[in-house]
Amino acid sequence: MRIKELMVKNFGKIKDKNVALSDGVNLLYGENESGKSTLHTFIKCMLFGLERGRGRASANDTFSTYEPWENPNYYSGILKFESGGKSFCLSRNFDRYSRSAELICEDDGEELSVADGDLEMILGGLTRAVYDNTVSVGQLKAEPGQTLAAELKNYASNYYAAGSSDINMEKATGALRARLREQEREAKEALEEKHRKREKIELEASYVWRDVHRLEGERERIGEELESRRKKERERQEEPENKGVIDELRPNKWRIHPVEIVLFAVVVVFAFALIPKPWNYLVAIILFLLCGIYVWNRMKVDKRTVKTEPEIILEEITPEEEKIPLEKLRWEMNHVCEELREKQVQYDNLREQLEELDEVSSMSREQERNIQGVRLAMERLSELAAGMQKELEQKLDDRASEIMSEITGCRYTKLVVEDDLHMNLICGGRKIPVEQVSRGTIEQTYFALRMASAGLLHEEEYPVILDDTFVYYDDVRLKNTLRWLAENKKQVIIFTCQKREEHILDELGIKYRKI
């Protein structure tokens, strides 16, 4: 990419100003408050837009800081640049009421859409954060932010895993993480639904079991009552069959017949008379006792069968509904048994449903496999990113070390970039933390890191824009830095309030455009 012309319509203190830029070194000289930083900010806002803050943050944001001093409603500019062998014209209106952006290819007149990402595509995916941390250095802002560390890690994963930086591994990891959350949410919802079903079935099963228990008790009670009725019925039916001949002859009102008494007396007398002494006495006594026992038993049976007056009265006052017919008991028994079978079948079905819920379903197994698959993919990406980060660090160290060696005249031949962009310099076999060197050397270390990172992160080379970056550089290292820029960068834009850069460029014989 190469910036061809800046056409500032109304931006900050600058109004109707055109700045044409060329290849190589462009030196924009101006005293303090002449608009150098304003022009630097204008380039950034043209490339990435200008958003207005909200609330209290809007008081000191970029939009308010660079709002035109005159006619603030006319807040616009044009940037002409070249990228991919084509020339483009980018127009922006930053006005808060009529904000707009237009992008036209000057070669064929095709109108492109900034809103749809055409500008981002033309710039090769260059983001505001990467721009600020690599090719664009503001006043006293040489130190890159932690955004650069994140971009480098992401670039390492992208490039080494996919062979191209077009695939964003950070977004891929984010997508996997979102997919994992979605799958875990679905699995949790399925488990909660399963628990709800189980609780519902268990509650229903408890009600059915209670009914089964009640019906079993009812069946037992009716069975006992039926057995009692059947026993009484059998006794009633068997009673006439057990009567003897004498019972048939005996009147119902008599307890014992007189003929029986006469018969017993005759037997005793004959036994006493016919049996020889002294055995006749013994036999007569035994027969007499036997006859007495028979008469006594007959008297007890008759008493048991005769109902007393209170029993007769109690039968008369007993409610008729308490005398349940045998047929009704049988009907109740059939009804209870049928209902009990239905409840038992229902209870067995509920138990089977609970057993099925306890088993791991195919859907649950599939969900678990998916979750494990996503987790495995995330682990592999993490391992890949960690491994590839080591390779990138080595590549970054080598490139930054080359730049640092040229800037410092081979004083520092090795620059080591560690995690979170913590840097160390190697000098004479000693490892020196960057915090222990001079401010100028620190600034040069940051510059080397920015330029090395730009070479790695950007497939297309972008203009290097430096705003009073060399304040802490001595003349020797400034000369080395300008020489390196002229030899390695297609377009360099230097904003300065000093004459040193101009004198050194003249001394080195480097061609430049002075504005």
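Note that the numbering runs from 1 along the sequence shown for the chain.
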Can [X] and [Y] be counted as having a side-chain donor-acceptor contact under 3.5 angstrom?
X	Y	value
Ser37	Asp467	yes
Ser83	Glu460	yes
Glu342	Gln346	no

Which pairs pass ring pair (Phe, Tyr, Trp, His ring centres under 6.0 Å) with one or both residues in residues 333-359, sequence neighbours excluded?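 Residue pairs passing ring pair (Phe, Tyr, Trp, His ring centres under 6.0 Å), neighbours aside: Trp209-Tyr347, Trp331-His335.
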
Quick one: side chain to side chain contact (heavy atoms under 4.5 Å, CB included) partners of [X], sequence neighbours excluded?
X	answer
Asp108	Lys86, Cys105, Glu110
Leu289	Ile285
Asp348	none
Arg341	Cys337, Glu338

With no hydrogens and no angle check, is any side-chain donor or acceptor of [X] less than 3.5 Å from a backbone partner on [Y]?
X	Y	result
Arg92	Ser76	no
Ser136	Asp132	no
Ser401	Leu415	yes

Rounded distance [0.5 Å steps], [atom1] in [X] versus [atom2] in [Y]:
X	Y	atom1	atom2	value
Thr469	Arg450	OG1	CZ	8.0 Å
Phe11	Cys45	CZ	SG	4.0 Å
Leu50	Lys44	CG	NZ	10.0 Å
Met451	Leu456	CE	CG	12.0 Å
Met404	Ile426	CE	CD1	12.0 Å
Leu103	Phe88	CG	CZ	6.5 Å

Decide yes or no for [X] and [Y]: does some side-chain heavy atom of the first lie under 4.5 Å from some side-chain heavy atom of the second?
X	Y	value
Gln353	Leu350	yes
Ser91	Met46	no
Val135	Lys489	no
Leu90	Val114	yes
Ile43	Tyr131	yes
Leu119	Leu112	no
Leu340	Val212	yes
Leu425	Val437	yes

Partner set under salt bridge (charged side-chain N to carboxylate O under 4.0 Å, His left out) for [X], not counting sequence neighbours:
X	answer
Lys414	Asp398
Arg128	none
Lys431	Glu418
Glu111	none

Could you walk me through whether Asp95 and Tyr74 pass the side chain to side chain contact (heavy atoms under 4.5 Å, CB included) check? CA-CA 6 Å; Asp95 179 66; Tyr74 184 50; over 6 Å; no

Decide salt bridge (charged side-chain N to carboxylate O under 4.0 Å, His left out) for Glu184 and Arg181; before the verdict, give the C-alpha distance in whole Å, the side-chain angles of both, and the deciding distance to 0.1 Å. CA-CA 5 Å; Glu184 289 178 341; Arg181 286 195 298 267; over 6 Å; no

Residues in side-chain hydrogen bond (donor to acceptor under 3.5 Å, both in side chains) contact with [X], at least two apart in sequence or another chain:
X	value
Glu355	none
Thr445	none
Asn93	Ser98

Kindly indicate, with the supporting measurements, whether the criterion side chain to side chain contact (heavy atoms under 4.5 Å, CB included) is fulfilled by Phe81 and Arg2. CA-CA 6 Å; Phe81 66 96; Arg2 182 176 69 87; over 6 Å; no

Could you give me the CA-CA distance, side-chain angles and deciding distance for Met1 and Leu47, then say whether side chain to side chain contact (heavy atoms under 4.5 Å, CB included) is met? CA-CA 12 Å; Met1 174 188 173; Leu47 291 174; 3.7 Å; yes

Less than 6.0 Å separating the ring centroids of Phe63 and Tyr75?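 For Phe63 and Tyr75, the ring centres are under 6.0 Å apart.
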
Using every non-hydrogen atom in the two residues, find where Ala452 and Ala400 come nearest and quote the distance to one decimal.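 In this case the closest contact between Ala452 and Ala400 is CB-N, 3.7 Å.
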
So which atom in Val434 and which in Ile442 form the shortest heavy-atom distance, rounded to 0.1 Å?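 The pair with the smallest heavy-atom distance is O-CG1, 3.3 Å.
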
Answer yes when [X] and [Y] have at least one side-chain N-carboxylate O distance shorter than 4.0 Å, and no when they do not.
X	Y	result
Glu339	Lys343	no
Glu189	Arg185	yes
Arg99	Glu51	yes
Glu182	Arg179	no

Among Glu218, Glu225, Glu224, which one satisfies side-chain contact (heavy atoms from CB on, under 4.5 Å) with Ile222?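 Only one of Glu218, Glu225, Glu224 forms a side-chain contact (heavy atoms from CB on, under 4.5 Å) with Ile222, namely Glu218.
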
How about CZ on Arg351, more than 12 heavy atoms from neighbouring residues, nucleotides or ligands closer than 6.0 Å, or not?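 For Arg351, atom CZ is not crowded (no more than 12 foreign heavy atoms under 6.0 Å).
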
